[in-house]
Amino acid sequence: MNFIKTTLALAGGAAIAVSSMSSQAQAGVTDADIANDSKTTHQIVTNGMGRKGQRFSPLKIVNKSNVKKLLPVWSFSFGGEKQRGQESQPLIYDGVMYVTSSYSRIFAVDVKTGEELWQYDARLPDGIMPCCDVINRGAALYGDLVYFGTLDAKLVALDRKTGKVKWKKKLGDYKAGYSFTAAPFIVKGNVITGVSGGEFGIVGKVEARNAETGELVWSRPTIEGHMGMLNGKPSTMTGKLNATWPGDMWKSGGGATWLGGNYDDETDTIFYGAGNPAPWNSHLRKGDNLYAASRLAINPDNGEIKWHLQTTPWEGWDYDGVNEVVSFNAGGKKLAATADRNGFFYVMDRTNGKLQNATPFVEQISWASSIDVKTGRPNFIDSNRAGDPTKSADGKKGKAIFAVPSFLGGKNWMPMAYSQNSGLFYVPSNEWGMDLWNEPVTYKKGAAYLGAGFTIKPLFEDYIGSLKAIDPMDGSIKWELKNNAPLWAGVMTTAGGLVFTGNPEGYFMALDDATGKVLWKFQTGSGIVSQPVTWEENGEQYFAVVSGWGGAVPLWGGDVAKRIKHLNQGGSVWVFKMPK
Ligand code: CA
């Protein structure tokens with residue numbers, strides 16, 4: 001632990017030379033650190049608390065019998081006049097917490113004391129176009145660098161000890177609607193990213209850059225017809241031109257890769273989701289619209305797509321297919337699960353994408369009756385597709401429908417967790433629907449590209465949010481915890497038999513993983529829409545969660561937003577442990 005003290009002492013003084021990762025491979029966070037992150041308990045160097053994204057900690061110092069003793073250790077404010085939604089997951093390394101915040105800021109904080117070591121503020125230009133609040137979901141660590149994305153679509157690499165910029169690369173043109181808010185991740189010496197902007201008719205892509213230099217290694221567009229890149233040259237076209245897209249619609253076809261992905265070392269595969277096809281008015285783009293609304297399994301060496309699962313072909317409800325793919329092994333199989341915006345929970349063989357089962361995890365799903373497990377395709381309820389405006393009397397507004405889930409999804413971005421203790425998935429979901437209708441629209445650079453109108457409505461008087469424990473072997477729901485406001489925070493599980501999450505009402509909560517009973521909660525002063533973590537130091541188990549209400553719900557939530565308008569904004573990170 002001497003190294004920590006040295007680092008902290010230097011951080012306040014002279015600049016430190018950054019050694020190259022190739023010449024000094026063991027400096028800072030190593031490939032082994034990243035590969036073992038789900039098992040090591042003294043640090044957290046990946047988003048998802050391990051590459052598979054299970055968000056499961058083997059720690060059980062804090063467990064069902066003693067969790068009620070948890071007390072705050074410190075709280076750190078992100079400060080400034082700018083607050084809004086805080087969706088970040090902290091990283092913990094060498095005695096330092098790296099945590100991102102709203103408006104593309106990142107902080108290095110002493111984990112023992114909560115004292116700030118440095119802050120980096122991306123100084124955003126006027127005219128950025130984040131669709132869904134000015135959030136950020138976290139950073140990546142590798143070597144002596146820390147990486148994060150910005151609302152003006154840059155990827156920034158900073159010296160983790162000083163916060164000084166090592167390199168900065170443009171991921172897309174922010175004036176065309178590109179931005180980046182997901183946590184990057186590291187695979188084989190490359191930093192992997194996506195892009196946001198599906199509501200502006202951008203084209204989604206997954207990219208790998210040399211982590212040391214930032215040079216592009218490969219780029220894989222998510223929309224059929226666009227050309228990939230490998231080592232500075234065009235590689236292969238995504239899909240086949242016009243196979244599932246009419247005319248030129250693929251040129252502004254969406255499929256934003258806004259939520260980030262992860263990597264499974266057992267199958268050597270990057271999993272990344274692609275959002276809705278653009279525009280929302282599906283009558284303008286008849287066809288499956290590959291690879292929008294799909295999960296992609298990508299070869300990390302060249303960016304080629306190995307297989308895909310399109311959860312909503314000819315998507316017409318803004319059911320982005322971006323949600324996280326969580327790898328797990330059960331019944332002698334290499335499986336993966338994902339809970340879609342469209343309300344279905346999918347379990348697949350992650351070696352080939354073949355569905356094992358697909359079951360509803362929210363109530364009253366209106367757009368499809370079921371998923372055909374053989375083909376992976378939904379059995380559509382055709383009357384629940386919003387009408388074609390060109391068929392209406394004035395040509396301006398198609399037939400409106402009431403669809404469930406709402407476009408904010410049975411589950412949105414907030415990551416679920418898998419417990420190796422219970423074998424269950426814990427899925428933060430919401431029960432809501434929407435009035436939806438289509439309108440004419442044409443693509444214009446930097447303008448919203450929807451061609452739709454909508455109002456989100458709750459389904460029930462007493463709750464919208466619902467945390468569900470789901471058995472991945474048959475999709476059955478073991479228990480449910482209802483919450484008045486929509487749930488918008490990630491979940492974490494532990495070997496201590498606990499499930500941790502937060503709610504917009506401000507509580508950080510610990511639940512019994514077998515029953516859903518709330519065993520402990522703490523009011524953090526603003527809504528929780530972030531991703532909790534836990535780690536161990538000197539025999540004590542620590543917890544951290546970011547607090548700060550915001551995100552897409554207050555901006556887009558229609559009648560739901562009215563129900564929750566009393567919730568206050570904030571911006572802080574809280575750390576907890578049991579008293580000695
Ligand atoms: Ca979308």
Side-chain angles (χ1 to χ4, degrees), residues 3 19-59 89-98 137-148 157 160 182-194 206-212 217-218 260-272 296-303 306 324-330 333-337 350-351 415 417-420 490 492-495 531 533-537:
F3 181 62
S19 50
S20 94
M21 281 175 241
S22 52
S23 61
Q24 206 175 2
Q26 295 308 304
V29 176
T30 64
D31 289 298
D33 287 332
I34 292 169
N36 296 325
D37 201 34
S38 63
K39 299 185 192 88
T40 45
T41 54
H42 66 289
Q43 59 191 28
I44 302 159
V45 297
T46 60
N47 186 274
M49 292 176 56
R51 280 179 148 170
K52 289 182 164 62
Q54 293 184 351
R55 297 177 185 272
F56 170 80
S57 169
L59 286 170
Q89 184 213 289
L91 299 174
I92 308 289
Y93 181 72
D94 245 358
V96 180
M97 173 185 289
Y98 299 91
R137 299 197 168 105
L141 284 166
Y142 190 50
D144 280 327
L145 299 181
V146 55
Y147 308 84
F148 86 119
R160 69 177 173 85
F185 59 101
I186 305 294
V187 181
K188 301 182 179 182
N190 292 332
V191 54
I192 312 296
T193 55
V206 181
E207 293 185 322
R209 283 180 168 72
N210 181 301
E212 192 180 332
V217 177
W218 53 257
N262 58 36
Y263 172 73
D264 172 41
D265 55 357
E266 288 180 76
T267 57
D268 190 26
T269 306
I270 289 172
F271 294 113
Y272 224 111
L296 303 178
I298 297 175
N299 180 336
D301 299 324
N302 56 17
K306 295 187 193 183
E324 70 283 7
V325 174
V326 179
S327 297
F328 69 109
N329 295 339
K333 287 184 174 172
K334 291 187 174 67
L335 301 175
R350 71 178 188 274
T351 64
Y418 172 74
S419 171
Q420 294 173 19
M492 171 178 73
T493 62
T494 73
Q531 309 159 64
V533 292
T534 186
W535 71 98
E536 178 266 326
E537 194 158 319

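What you see below is based on every heavy atom in this structure, not just the backbone, and it leaves out hydrogens, waters and symmetry mates.
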Undergrad: Nearest 0.5 Å, what's the OG-CE distance between Ser419 and Met492?
TA: 11.5 Å

Undergrad: So which heavy atom on Ala139 is nearest to which on Leu91, and how close?
TA: O-CD1, 3.2 Å

Undergrad: Where is the tightest heavy-atom contact between Pro184 and Gly138, given as atom of each residue plus distance?
TA: CD-O, 3.6 Å

Undergrad: What closest approach, in Å, do Pro90 and Val533 show between heavy atoms, and which atom pair accounts for it?
TA: O-CG1, 3.7 Å

Undergrad: How would you list, by chain and number, every residue that makes a side-chain hydrogen bond (donor to acceptor under 3.5 Å, both in side chains) with Asp264, sequence neighbours excluded?
TA: Lys52, Thr267, Arg350

Undergrad: Under the criterion side-chain contact (heavy atoms from CB on, under 4.5 Å), I'd like the reasoning laid out for Ile34 against Arg51: C-alpha separation, chi angles, the key distance, then a yes or no.
TA: CA-CA 7 Å; Ile34 292 169; Arg51 280 179 148 170; 3.4 Å; yes

Undergrad: Nearest 0.5 Å, what's the OG1-CZ distance between Thr193 and Arg209?
TA: 5.5 Å

Undergrad: Does any part of the side chain of Ser327, heavy atoms only, come nearer than 4.5 Å to the side chain of Glu266, both counted from C-beta?
TA: no

Undergrad: Output, in order, the C-alpha distance, side-chain angles, deciding distance and verdict of side-chain contact (heavy atoms from CB on, under 4.5 Å) for Ile44 and Gln89.
TA: CA-CA 10 Å; Ile44 302 159; Gln89 184 213 289; 3.7 Å; yes

Undergrad: Which heavy atom in Ala182 sits nearest to a heavy atom in Gly260, and how many Å separate them?
TA: CB-N, 3.5 Å

Undergrad: Which distance, rounded to the nearest 0.5 Å, do you find between the CE of Met97 and the CD1 of Ile92?
TA: 4.0 Å

Undergrad: Kindly say whether Ala211 contributes a backbone atom to a donor-acceptor pair with the side chain of Tyr147 at under 3.5 angstrom?
TA: yes

Undergrad: Can you find a heavy atom in the side chain of Val326 that is under 4.5 Å from one in the side chain of Phe328?
TA: no

Undergrad: Between Gln531 (side chain) and Arg137 (backbone), is there a donor-acceptor pair under 3.5 Å?
TA: yes

Undergrad: For Asp37 and Gly50, which heavy atoms make the closest approach, and how far apart are they?
TA: OD2-N, 3.6 Å

Undergrad: Which residues satisfy the ring pair (Phe, Tyr, Trp, His ring centres under 6.0 Å) test with Trp535, sequence neighbours excluded?
TA: Tyr542

Undergrad: Could you give the distance from CG (Leu141) to OH (Tyr93), rounded to the nearest 0.5 Å?
TA: 8.5 Å

Undergrad: Is any side-chain heavy atom of Asn47 closer than 4.5 Å to a side-chain heavy atom of Phe185?
TA: no

Undergrad: As an exercise, state the distance from OG1 of Thr494 to CZ of Arg55, rounded to the nearest 0.5 Å.
TA: 15.0 Å

Undergrad: Using the test side-chain hydrogen bond (donor to acceptor under 3.5 Å, both in side chains), find all partners of Gln43 that sit at least two apart in sequence or belong to another chain.
TA: Asp33

Undergrad: Is a donor on one side and an acceptor on the other found under 3.5 Å between the side chain of Asn262 and the backbone of Val325?
TA: yes

Undergrad: For the CD atom of Glu212 and the CG atom of Leu145, what is their distance to the nearest 0.5 Å?
TA: 8.0 Å

Undergrad: side-chain hydrogen bond (donor to acceptor under 3.5 Å, both in side chains) with Lys188: which residues, sequence neighbours excluded?
TA: Asp268, Asp301

Undergrad: Got a donor-acceptor contact below 3.5 angstrom from the Tyr98 side chain to the Arg160 backbone?
TA: yes

Undergrad: I'd like to check the side-chain hydrogen bond (donor to acceptor under 3.5 Å, both in side chains) partners of Thr41; sequence neighbours left out, ordered by chain and number.
TA: none

Undergrad: Show the numbers, then the answer: is there a side-chain contact (heavy atoms from CB on, under 4.5 Å) between Ile192 and Tyr272?
TA: CA-CA 10 Å; Ile192 312 296; Tyr272 224 111; 4.1 Å; yes

Undergrad: Checking Ala297 now: which residues fulfil side-chain contact (heavy atoms from CB on, under 4.5 Å) with it, not counting sequence neighbours?
TA: Thr269, Phe271, Lys306, Trp307

Undergrad: Testing the basics here: between Val206 and Trp218, what is the closest heavy-atom pair and its distance to 0.1 Å?
TA: O-CZ3, 3.4 Å

